[in-house]
Structure formats: C-alpha cells, structure tokens
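The structure appears below as structure tokens.
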Amino acid sequence: MIHKGSCHCKAIEFEIETSLDKIMQCNCSICIRRNAKMIMIPNENFKILKGKDNLSLYQFNSNIAKHYFCKNCGIYTHHNRKSDPNGMGVNLGCLDDLNPMEYDAGQFDGRKI
Ligand SMILES: [Zn+2]
C-alpha cells in the first residue's frame with residue numbers, strides 16, 4: 001500500500017510503499033529521545049515528493065546512520081539505518097492516513113549496536 005506523509009509544517013512531503021507489519025521502537029541514544037514509532041522499509045520504497053531542500057541531516061559517532069528532520073518545524077521524518085544500509089525507518093506519526101496509537105510497536109535493541 002502507498003502511504004503519504006509529511007512533516008508538521010508540510011514543507012516536506014513523501015510517500016512510502018509498505019505493509020504496516022514492521023513497526024518498531026528503538027532504545028538507542030537518539031531513538032529513545034525522539035520516542036517515535038517507526039515503520040521499517042527498504043530504501044527503494046521511499047520517495048520524497050516535495051521539500052528535499054528543507055531536510056536537515058544529523059549524524060553522530062560512526063556517522064553511518066543518517067537522521068533527517070525538517071529544518072523549519074524540527075520534526076523527524078526518516079532515517080537511513082546503521083544496522084541495515086538498505087533499510088530505513090520512517091516516522092509513523094508523519095503518515096497522513098493513520099493513527100500511530102492504534103499500532104503496536106516491536107522493540108529494537110539498538111542500544112547494543
Ligand atoms: Zn516541517
């Protein structure tokens with residue numbers, strides 16, 4: 001299924017193609033702070049529709065993972081994963097067509113990686 005998503009100020013719009021069966025929360029140092037449920041998808045199933053220039057990139061430690069957020073409203077939209085270079089996590093709360101509170105998230109022990 002195709003789901004459309006956006007940051008809070010709508011400067012960034014994107015779409016993902018996915019079933020909703022890989023919803024995770026992670027306990028690594030950054031995920032635990034932003035506390036978002038994430039849908040895990042392959043890189044090729046993510047497409048920015050609008051506002052690429054509004055994305056800011058945050059990296060730390062190994063600088064492998066790429067954490068993106070809107071430079072205007074500050075909302076985390078997606079990230080490229082350290083543990084899986086071909087995969088990414090997308091902020092479930094950014095998807096326009098669903099309520100993240102209705103979905104249970106599995107736990108990813110990112111603190112160990
Ligand atoms: Zn924004």
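Only a predicted model underlies this, so the values are computations on that prediction, with no experimental measurement involved.
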With a cut-off of 6.0 Å (strictly less than), are more than 12 heavy atoms of other residues, nucleotides or ligands near CG of Asp109?
-> yes

CG of Leu20 to CD1 of Ile39: how many Å apart, nearest 0.5 Å?
-> 5.0 Å

In Å and rounded to the nearest 0.5 Å, what is the CG to NZ distance from Asn72 to Lys10?
-> 13.5 Å

Got a second to check how far Lys82's NZ is from Asn63's CG, nearest 0.5 Å?
-> 10.0 Å

Give, for atom CG of Leu55 and atom NZ of Lys66, the distance between the pair rounded to the nearest 0.5 Å.
-> 12.0 Å

Are Ile48 and Val90 connected in the hydrophobic side-chain network, where two residues link if heavy atoms are under 4.5 Å apart?
-> yes

Taking Asn54 for its side chain and Lys71 for its backbone only, find out whether a donor-acceptor pair lies under 3.5 Å.
-> no

Using the ring of Phe108 (Phe, Tyr or Trp, six-membered ring only), decide whether Arg81 places NZ or CZ under 6.0 Å from its centre and within 45 degrees of its axis.
-> yes

Is there a donor-acceptor pair closer than 3.5 Å between any side-chain N or O of Arg34 and the backbone N or O of Ile30?
-> no

Check whether any side-chain N or O of Lys22 sits under 3.5 Å from a backbone N or O of Gly106 as a donor-acceptor pair, and report yes or no.
-> no

Using the rule that two of Ile, Leu, Val, Met, Phe, Trp, Tyr join whenever any of their side-chain heavy atoms come within less than 4.5 Å, decide whether Leu57 and Met88 are in one cluster.
-> yes

Quick check: does any side chain N or O of Asn43 sit under 3.5 Å from a backbone N or O of Pro85, one acting as donor and the other as acceptor?
-> yes

Look at atom CD of Glu44 and say whether more than 12 heavy atoms of other residues, nucleotides or ligands are closer to it than 6.0 Å.
-> yes

Assess the pair Tyr58 and His79: is the distance between their ring centroids shorter than 6.0 Å?
-> no

Would Tyr76 and Met24 show up in the same hydrophobic cluster when neighbours are defined by side-chain heavy atoms closer than 4.5 Å?
-> yes

Non-hydrogen side-chain atoms of Leu98 and Tyr103 separated by less than 4.5 Å = yes

Group every Ile, Leu, Val, Met, Phe, Trp and Tyr by side-chain heavy-atom contacts under 4.5 Å, then state whether Met40 and Ile16 land in the same group.
-> no

Under 3.5 Å: donor-acceptor pair, side chain of Lys37, backbone of Pro100 = yes

Between atom CE of Met1 and atom CG of Asp97, what is the distance when rounded to the nearest 0.5 Å?
-> 6.0 Å

Ring centres under 6.0 angstrom apart (Phe46, Phe14) | yes

What heavy-atom pair brings Cys26 and Cys31 nearest, and what distance separates the two atoms?
-> O-CB, 3.3 Å

Side chains of Cys70 and Cys9: closer than 4.5 Å at any heavy-atom pair?
-> yes

Counting N and O atoms only, with roles assigned by atom type, does the side chain of Asn27 sit under 3.5 Å from a partner on the main chain of Ile32, one being a donor and the other an acceptor?
-> no

Should the heavy atoms of other residues, nucleotides or ligands under 6.0 Å from CG of Asn99 be counted, would the total exceed 12?
-> yes

Report whether Ile12 and Leu95 are members of the same hydrophobic cluster (ILVMFWY, side-chain heavy atoms less than 4.5 Å apart, transitive linking).
-> yes

Out of curiosity, Met38 CE to Asn35 CG, how far, rounded to the nearest 0.5 Å?
-> 9.5 Å

Between Asn91 and Ala36, what is the shortest heavy-atom contact and its length?
-> OD1-CB, 3.7 Å

Member of His3, Glu13, Lys4 meeting the side chain to side chain contact (heavy atoms under 4.5 Å, CB included) criterion with Asp96 = Lys4

